[in-house]
Amino acid sequence: MARVYNFSAGPAALPTEVLEQVRDELLDWHGSGMSVMEMSHRGKEFVGIAEQAEQDLRDLLKVPDSHRILFLQGGATGQFAAVPLNLLGDREAADYINTGNWSKKAIAEGKRYCEVNVAATAEADGFTRVPAPDTWKLNPRAAYLHYTPNETIGGVEFHWTPDSGDVPLVADMSSTILSRPVDVARHGVIYAGAQKNIGPSGLTVVIVREDLLDRADPRTPGVLDWKRNAEGNSMMNTPPTFAWYVAGLVFQWLKKQGGLEAMAEVNKRKADKLYRVIDESDFYRNPVEKESRSRMNIPFILADDSLNAAFLSEADEAGLKTLKGHRSVGGMRASLYNAVSEQAVDALIDLMHDFERRHG
Ligand code: PMP
């Protein structure tokens with residue numbers, strides 16, 4: 001069986017060992033005689049799987065006792081609405097930092113519920129950097145400060161945690177969660193769609209400080225209400241059980257790799273070597289300023305746009321898949337999530353050198 005090198009931005013590559021374990025346990029989970037897919041979410045087998053996954057995630061991210069972890073549905077997009085609905089309380093405004101496409105989507109949804117103050121935006125620079133914090137114009141009436149630590153499309157990443165003072169800091173960590181350690185305690189809320197570094201799509205992880213669970217708008221749909229979901233241990237309604245189980249296997253795999261410090265080291269090495277190839281040639285280019293470059297999603301363009309199709313087709317033939325850039329920016333994008341091996345990055349680099357030699 002051949003497994004390709006998959007550089008998809010999401011749903012993205014999963015560790016082969018995890019998929020093998022899923023296969024081995026598919027029809028009969030631990031002698032239960034049934035698949036996890038077929039189990040009641042309230043039975044002791046699934047409750048055990050769910051609790052173990054939550055504990056492993058807590059260990060990996062060092063989530064303090066002050067914060068609850070929720071396993072929900074609706075994607076990060078659902079949380080674009082859940083954030084204002086749960087956090088505005090008696091306030092009417094919120095601060096957002098705009099670093100690209102996903103920030104913009106969060107802002108557009110936020111505007112449906114409150115007065116959005118875009119405290120800083122990098123749009124004038126084509127979203128090629130994180131705006132310097134001394135230029136941010138925060139609203140003293142804001143209920144929270146929202147930022148996107150990693151822009152999956154533009155490849156712009158915060159390598160530091162913003163200081164929001166007493167205002168809860170909210171992060172859409174969809175495409176950077178579990179790629180490195182995070183200071184969870186400095187965040188009021190962290191949320192992420194699972195389909196990049198966590199597991200299959202259909203699961204959304206929300207980490208929320210317990211004292212923020214008292215301010216939801218009474219009209220908040222129950223499935224988006226963090227307090228109701230916390231009270232029901234994320235089983236207020238039927239959770240995405242199979243995705244939760246696979247996520248749990250990914251958490252165990254991450255622990256076996258040495259946890260997030262170890263992952264951060266490997267991820268830095270993978271990204272550094274790809275950026276080096278891009279920077280050392282005039283043939284490839286990445287427009288993002290060095291201090292703001294993403295370690296998870298690396299967009300690059302060719303000096304000659306007309307060669308894109310040839311590059312992608314050669315990559316495809318070599319077993320290097322899903323390298324096409326997002327339709328809004330074109331070119332290429334290599335997503336280097338945890339499950340993308342160093343070997344995959346080396347194979348991509350070999351192709352890039354070879355392609356440049358023949359077409360450069
Ligand atoms: N935020 C970011 C940073 C993303 O990368 C994505 C998905 N690519 C989303 C939000 C939307 O996530 P979902 O499709 O899970 O709603």
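All ligand and atom numbering here is 1-based and tracks the order in the structure.
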Checklist entry - For residues 228-250, which residue pairs qualify under salt bridge (Lys or Arg N to Asp or Glu O under 4.0 Å), counting only residues two or more places apart or in two chains? => result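 Qualifying pairs: none.
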Item to check | Joint hydrophobic cluster, V170 plus L61, side-chain heavy atoms closer than 4.5 Å | outcome: no
Item to check | Hphob cluster co-occupancy, F127 + I278, side-chain heavy atoms under 4.5 angstrom | outcome: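 No, F127 does not connect to I278 through the hydrophobic network.
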Item to check | Inter- and intrachain pairs under side chain to side chain donor-acceptor pair (under 3.5 Å), touching residues 198-217, at least two apart | outcome: R209-D211, D217-R219
For ligand 1, find each of its N or O atoms that sits under 3.5 Å from a protein N or O atom, and tabulate the pairs with distances to one decimal place.
residue: ligand 1; atom: 1 (N); partner: D172; partner atom: OD2; Å: 2.6
residue: ligand 1; atom: 5 (O); partner: T152; partner atom: OG1; Å: 2.4
residue: ligand 1; atom: 8 (N); partner: K196; partner atom: NZ; Å: 2.9
residue: ligand 1; atom: 15 (O); partner: A76; partner atom: N; Å: 3.1
residue: ligand 1; atom: 15 (O); partner: Q195; partner atom: NE2; Å: 3.0
residue: ligand 1; atom: 16 (O); partner: A76; partner atom: N; Å: 3.2
residue: ligand 1; atom: 16 (O); partner: T77; partner atom: N; Å: 2.9
residue: ligand 1; atom: 16 (O); partner: T77; partner atom: OG1; Å: 2.5

Checklist entry - So does D279 pair up with R293, basic N to acidic O under 4.0 Å? => result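 Between R293 and D279 there is a salt bridge, with a charged N closer than 4.0 Å to a carboxylate O.
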Checklist outcome for this item: Besides Y337, the hydrophobic cluster formed by Ile, Leu, Val, Met, Phe, Trp and Tyr side chains linked at under 4.5 Å, directly or via other members, contains M296
